[in-house]
S.K.: 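Handing you this structure, nothing more for now.
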Number of protein chains: 2
Amino acid sequence: MPLGATEDLLKRLEELVYVRKRIKTGATLYHNGSQFHALYAVKSGFIKTETLHDDGRAQITGFYMGGEILGFDGIAAEKHICTAVALEDTEVCIIPLDRIGNNDHGLNKLQNHFYKLMSKEIVRDHTIMMLLGSMHSEERLAAFILNLSHRNQLRGYSADHLILRMKREEIGSYLGMKVETVSRIFTHFQEQGLLEVHQKDIKILDMAGLKNLISNHSSKPNLPSKNQ
Amino acid sequence: MPLGATEDLLKRLEELVYVRKRIKTGATLYHNGSQFHALYAVKSGFIKTETLHDDGRAQITGFYMGGEILGFDGIAAEKHICTAVALEDTEVCIIPLDRIGNNDHGLNKLQNHFYKLMSKEIVRDHTIMMLLGSMHSEERLAAFILNLSHRNQLRGYSADHLILRMKREEIGSYLGMKVETVSRIFTHFQEQGLLEVHQKDIKILDMAGLKNLISNHSSKPNLPSKNQ
DNA sequence: CGGCATCTTGAGTTGGGTCAATGGTCGTGG
DNA sequence: CCACGACCATTGACCCAACTCAAGATGCCG
């Protein structure tokens with residue numbers, strides 16, 4: 001989720017909210033069903049959120065890296081509807097939501113910021129719905145890589161060198177496909193000269209080629225619908 | 001999107017926000033890319049929102065009926081990222097967002113309500129990601145029908161009699177499948193004695209059977225992932 | 001160096017897509 | 001009131017993208 005110029009917000013938050021928390025690789029920050037207490041801003045590290053279905057199926061709903069905020073799902077019912085797990089040692093800032101409501105200190109802008117953040121999360125979700133609902137596997141993976149690249153860049157890192165924090169299975173869960181498919185597509189992209197892949201170390205060789213893959217490919221399920 | 005006991009909020013809004021708007025069948029409330037001005041509460045009627053991809057592909061991201069609020073996607077960048085189209089003659093209340101920010105009149109609770117509504121939208125989106133990412137077509141359609149039924153019930157109507165406001169193609173776009181598949185599954189459900197289908201008029205004959213279909217069926221893409 | 005987890009690759013199957021034809025339903029005009 | 005045409009829904013036959021199952025390969029950690 002590209003947060004853009006949220007840096008100022010984060011700085012202001014740091015002044016207000018000094019409570020930090022460290023989560024070790026594999027540990028959970030909150031659980032599906034647990035009471036909602038606060039939002040969390042990722043300081044460093046990497047977190048995945050996943051929803052569990054009754055029958056055991058899981059869907060990863062998001063990956064969060066430095067500068068991004070998670071936990072918005074918990075506000076609605078005051079309990080979380082997904083589980084947040086650290087994929088590497090991670091440090092978060094805890095943001096109790098009531099702080100945001102009490103705007104005695106001219107924090108009105110903060111409120112607006114939060115509306116925007118939540119809206120951004122909604123926009124992100126719509127993008128993923130688009131991915132899942134109307135793109136082929138190759139397009140989804142290309143879009144995923146490009147998104148990670150973009151976020152890497154926003155955080156001041158290279159746009160064409162990524163180190164994946166999640167395993168293939170998790171990419172698959174996020175993008176709605178099986179591990180084997182993810183793996184095959186990585187191989188394929190490498191054969192096409194789009195990527196150079198060494199396990200979790202990815203170099204983007206042909207950014208334009210990847211982008212092209214998304215916009216030019218033909219449709220899967222749906223055509224534009226001119227209602228009426 | 002089940003909004004539950006939002007009735008009181010709507011009532012209070014009505015006092016504040018007397019601006020109404022009527023949208024005829026097929027007309028749009030706002031467009032992809034247009035400036036964000038306000039949120040909209042559906043008074044009566046039915047609205048779909050759809051995102052357009054550059055290459056012409058479309059994905060329907062939501063259906064909104066009486067008592068539900070749309071437009072949250074526009075807050076982030078102050079422009080809408082989807083298009084809202086009325087599927088039948090519809091009346092909405094216009095909710096300019098700045099009203100929510102200015103809480104001189106003890107509207108703090110209103111703010112919190114809005115956080116909750118946005119969070120609910122996020123939760124809803126996660127549910128759909130789950131649908132699209134890890135369920136088979138039959139399960140998706142079953143979940144869709146059950147969701148409509150539930151919302152119908154919340155609004156005081158029958159739980160087992162629905163009149164679909166959208167066409168098959170739109171259901172397909174929302175659920176990530178083609179019209180033909182939607183149609184075949186309706187036929188199949190009818191053969192199974194789960195539904196009685198006459199065009200857009202749907203009677204649910206076996207609610208339990210539909211629910212069962214969702215939780216008991218085996219997985220498609222992903223198994224639970226016990227990280228580490 | 002061995003054991004375990006993750007990733008890759010292959011072969012075979014299938015759910016759902018494509019294409020094409022038919023059947024309903026509704027609104028409009030003669 | 002009926003006929004025509006437009007749009008939508010259904011059905012069938014065929015096909016392919018992605019899944020399943022089954023080895024291997026690779027890498028990691030004790």
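Throughout, a chain's letter reflects where its sequence line sits, starting with A, and its residues are numbered from 1.
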S.K.: What's the closest nucleotide to the side chain of A:Thr181 if the choices are D:dC19, D:dT10, D:dC8?
M.R.: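 Of the options given, the side chain of A:Thr181 lies nearest D:dC19.
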S.K.: Return the value, rounded to whole Å, for the distance between atom CG of B:Asp201 and atom C1' of D:dC8.
M.R.: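 That distance rounds to 16 Å.
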S.K.: In whole angstrom, what separates A:Lys167's NZ from C:dA5's P?
M.R.: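 Nearest whole value for this atom pair: 10 Å.
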S.K.: Where the side chain of A:His136 is concerned, which of D:dT11, D:dA18, C:dC7 is the nearest nucleotide?
M.R.: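 Selected nucleotide (nearest to the side chain): D:dA18.
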S.K.: Nearest whole Å is fine: how far is D:dA18 C1' from A:Leu141 CG?
M.R.: 14 Å
S.K.: Rounded to the nearest Å, what distance is computed from the NZ atom of residue B:Lys200 to the C1' atom of nucleotide D:dA9?
M.R.: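 Distance check: B:Lys200 NZ to D:dA9 C1' gives 10 Å.
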S.K.: Consider only side-chain N and O atoms of A:Asn152 and A:His161, and report whether a donor and an acceptor are under 3.5 Å apart.
M.R.: no
S.K.: Is the shortest side-chain N/O distance from B:Ser137 to OP1 or OP2 of C:dG16 below 4.0 Å?
M.R.: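 Yes, because at least one side-chain N or O of B:Ser137 sits under 4.0 Å from OP1 or OP2 of C:dG16.
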S.K.: Should B:Ser183 be listed as having a side-chain N or O under 4.0 Å from OP1 or OP2 of D:dA9?
M.R.: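 For D:dA9, neither OP1 nor OP2 has a side-chain N or O of B:Ser183 closer than 4.0 Å.
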S.K.: Taking 4.0 angstrom as the limit, do B:Arg168 and B:Glu180 come out as a salt bridge?
M.R.: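 Looking at B:Arg168 and B:Glu180, the cut-off is not met.
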S.K.: Give the rounded distance in Å between these two atoms: CZ of B:Arg168 and C1' of C:dG24.
M.R.: 12 Å
S.K.: Output the rounded distance in Å from CD1 (A:Ile171) to P (D:dA18).
M.R.: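 Answer to the nearest Å: 16 Å.
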S.K.: Between A:His53 and A:Gln59, does any side-chain donor sit less than 3.5 Å from a side-chain acceptor?
M.R.: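 Looking only at side-chain atoms, A:Gln59 and A:His53 do not form any donor-acceptor pair under 3.5 Å.
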S.K.: For DNA chain D, whose closest nucleotide is more 5', that of A:Gln199 or that of A:Ile185?
M.R.: A:Ile185
S.K.: Strictly under 6.0 Å, is that where the ring centroids of B:Tyr174 and B:Phe144 end up?
M.R.: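 When the ring centroids of B:Tyr174 and B:Phe144 are compared, they turn out to be within the sub-6.0 Å range.
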S.K.: To the nearest Å, give me how far apart NE2 (B:His188) and P (C:dG15) are.
M.R.: 11 Å
S.K.: Checking contacts here: which listed nucleotide (D:dC19, D:dC21, D:dT10) is nearest the side-chain heavy atoms of B:Val197?
M.R.: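 Among D:dC19, D:dC21, D:dT10, the one nearest the side chain of B:Val197 is D:dT10.
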S.K.: Taking CD from B:Glu180 and C1' from C:dA21, how many angstroms apart are they, rounded to a whole number?
M.R.: 12 Å
S.K.: Is it the case that the base of D:dC7 and the side chain of B:Glu169 share a donor-acceptor contact (distance under 3.5 Å, atom types as modelled)?
M.R.: no
S.K.: Tell me which nucleotide among C:dG10, C:dC19, C:dG17 gets nearest to the side chain of A:Arg184.
M.R.: C:dG10
S.K.: Does C:dT18 have OP1 or OP2 sitting under 4.0 Å from an N or O in the side chain of B:Lys178?
M.R.: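 Yes, because at least one side-chain N or O of B:Lys178 sits under 4.0 Å from OP1 or OP2 of C:dT18.
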S.K.: Distance only, no hydrogens: is a donor on one side chain within 3.5 Å (strictly under) of an acceptor on the other, for B:Asp55 and A:Ser215?
M.R.: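 Side-chain D/A pair, B:Asp55 to A:Ser215: absent.
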